[in-house]
Amino acid sequence: MSSRTVPRSASTASGASERQRPPARVHRAWVVALAAGLTIVAAAAFTAMPGLLMDPLHTEYRWSRASIGLAASVNMIVYGLVAPFAAALMDRFGLRRIALAALAVIVLGSGLTTVMTAPWQLTLYWGLLIGAGTGSLAMTFAATVAHRWFLERRGLVVGALTGASAFGQLVFLPALAWVVDQQGWRPALVTLALTATATAVLVALLLRDYPADLGLRPYGAKTDVPRPEAERGAARRTVGVLFASVRSRRFWVIGGTFAVCGATTNGLMWTHFVPAAQDQGMAVTAAAALVSVIGVFSLVGTVLSGWLTDHFDPRRLLVAYYTGRGLLLAGLPALLGPDAGTALVAFVVVFGLLDVATVPPTILLCRRVFGADGAIVFGWINALHQVGAGTMAVLGGFTRDLTGGYGPVWLIASALCAVGALLALQISRTDGSEEEQSRG
């Protein structure tokens, strides 16, 4: 112990000393959540780049938009496939080690991308390496932090951490667009690599694996929660959870809704909105600013959705979110033009509120249905999200190359949202026992 006081008795137990210690004004769980949120912000900045890289790479290398979209698609799919393994590896090796390893891979991938000379290298460096690194710091990372460090306010924290992804795009996208426009795309990637390096230092200093590591309880816990034994065979467990969960119809229904989410956000808006707006005569900086507005309201919408998820049926929330998103996408072609008018600004505000709002109810449904394996199951469902995103990224580029525009893609995305809303209605109720335990 760093200090001593006069003991009341020689037999005073360390647990009694802990009880006598004045409670901290800010629970350490919030510090850990802040560190995790900043890490997610840094990783999310990389997801904003494909839309900014599309035209510069096409101009410099004469690569087709479909081949550039393929690299973005591989990035999204790897992002999704890595996430469930990352959740299990966090159980085996700890949050901090996995976060540091992921950031190192991101720095390596972004550095190599600046010296590439062929499309397959873009697919390898951006698609595989950066996809693996950012996928390890994605929604399953947020879910794991919230589950370990919070018993109360879990839905709110999940909403805030997943909203941090959109906030990362908000913070970096306008600046990156300016750098790409004024200095070129390589300096933008160097900026991101330096950001990831600085974030690794923050992770080493602040992030911890479990409250028990610091002699604390999770936020809101009434009793001590010991650190669990490190689980071996993380990959085997992850695959085993997949094989067990795919037998459930609810896995495919929840996964189907989340695939629609990926197709209509990451795969479409984050990859193709900027080039689609440029096709209509809008400046790249103005288009990027609109996407950043989506990011602003994504953060607001996700935090609000986390609160709503703590209080309302998550299935009904998903129906409302997908219905609203579908109506917005159906009307987007009529709004795009050389200037960002009032109607287009209203579109990005409302779309932002719905953008990542689907995450908290989806995570909670996974916890309710699959219990202790919920984080890993959500990782696999997030993989379906990224498959949907990757498919739309390729489809959007292919459609642009083939038809010279994006018009049909918006309507396809709107129809997919209608499917997502119908699927959400099919998610059956559970007894809610896991939720009851988490609140107790």
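In this chain, numbering begins with 1 at the start of the sequence shown.
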Practice item. Take D209 and R97, measure what salt bridge (charged side-chain N to carboxylate O under 4.0 Å, His left out) needs, and give me the verdict at the end. Key: CA-CA 9 Å; D209 296 333; R97 289 181 181 177; over 6 Å; no
Point to revise | Given V359, L353, D355, L354, the one that forms side-chain contact (heavy atoms from CB on, under 4.5 Å) with S298 | key: D355
Review point. With respect to I106, which candidate in L192, L129, L137 satisfies the side-chain contact (heavy atoms from CB on, under 4.5 Å) definition?
Key: L137
Point to revise | Within 6.0 Å of OH in Y61, more than 12 heavy atoms from elsewhere | key: yes
Check your understanding: Got a sec: does the CZ of R400 have more than 12 other heavy atoms crowding it under 6.0 Å?
Key ->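 Yes, CZ of R400 has more than 12 neighbouring heavy atoms, counting only those of other groups under 6.0 Å.
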Spacing of [atom1] belonging to [X] relative to [atom2] belonging to [Y], to within rounding of 0.5 Å:
X: N382; Y: C366; atom1: CG; atom2: SG; result: 9.5 Å
X: T123; Y: W120; atom1: OG1; atom2: CH2; result: 9.5 Å
X: D279; Y: L336; atom1: CG; atom2: CG; result: 9.5 Å

Practice item. Dump the intermediate steps for ring pair (Phe, Tyr, Trp, His ring centres under 6.0 Å) on F370 and W380, then the final yes or no. Key: CA-CA 12 Å; F370 299 101; W380 285 115; over 10 Å; no
Assign the ring pair [X] / [Y] to parallel, tilted or perpendicular, where the plane angle (0 to 90°) is split at 30° and 60°.
X: F347; Y: F351; result: parallel
X: F273; Y: W410; result: perpendicular
X: H27; Y: W149; result: perpendicular

Check your understanding: Looking at the rings of Y219 and W30, which for Trp means the six-membered one, are their centres under 6.0 Å apart?
Key -> yes
Provide the closest heavy-atom pair for [X] versus [Y] in the form atom of the first, atom of the second, distance.
X: A118; Y: W63; value: C-CZ2, 3.4 Å
X: T265; Y: R325; value: CG2-NH1, 3.4 Å
X: D339; Y: L344; value: O-CD2, 4.4 Å

Exercise for review: Would you check if the side chain of T197 reaches a backbone N or O of A193 as a donor-acceptor pair within less than 3.5 Å?
Suggested key: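 At least one qualifying donor-acceptor pair exists.
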Exercise for review: Please step through salt bridge (charged side-chain N to carboxylate O under 4.0 Å, His left out) for the pair R148 and D91, ending with a clear verdict.
Suggested key: CA-CA 10 Å; R148 290 184 182 183; D91 289 341; 2.9 Å; yes
No-hydrogen, no-angle side-chain donor-acceptor test under 3.5 Å, [X] and [Y]:
X: Y321; Y: S305; value: yes
X: E60; Y: W185; value: yes
X: S110; Y: T113; value: no

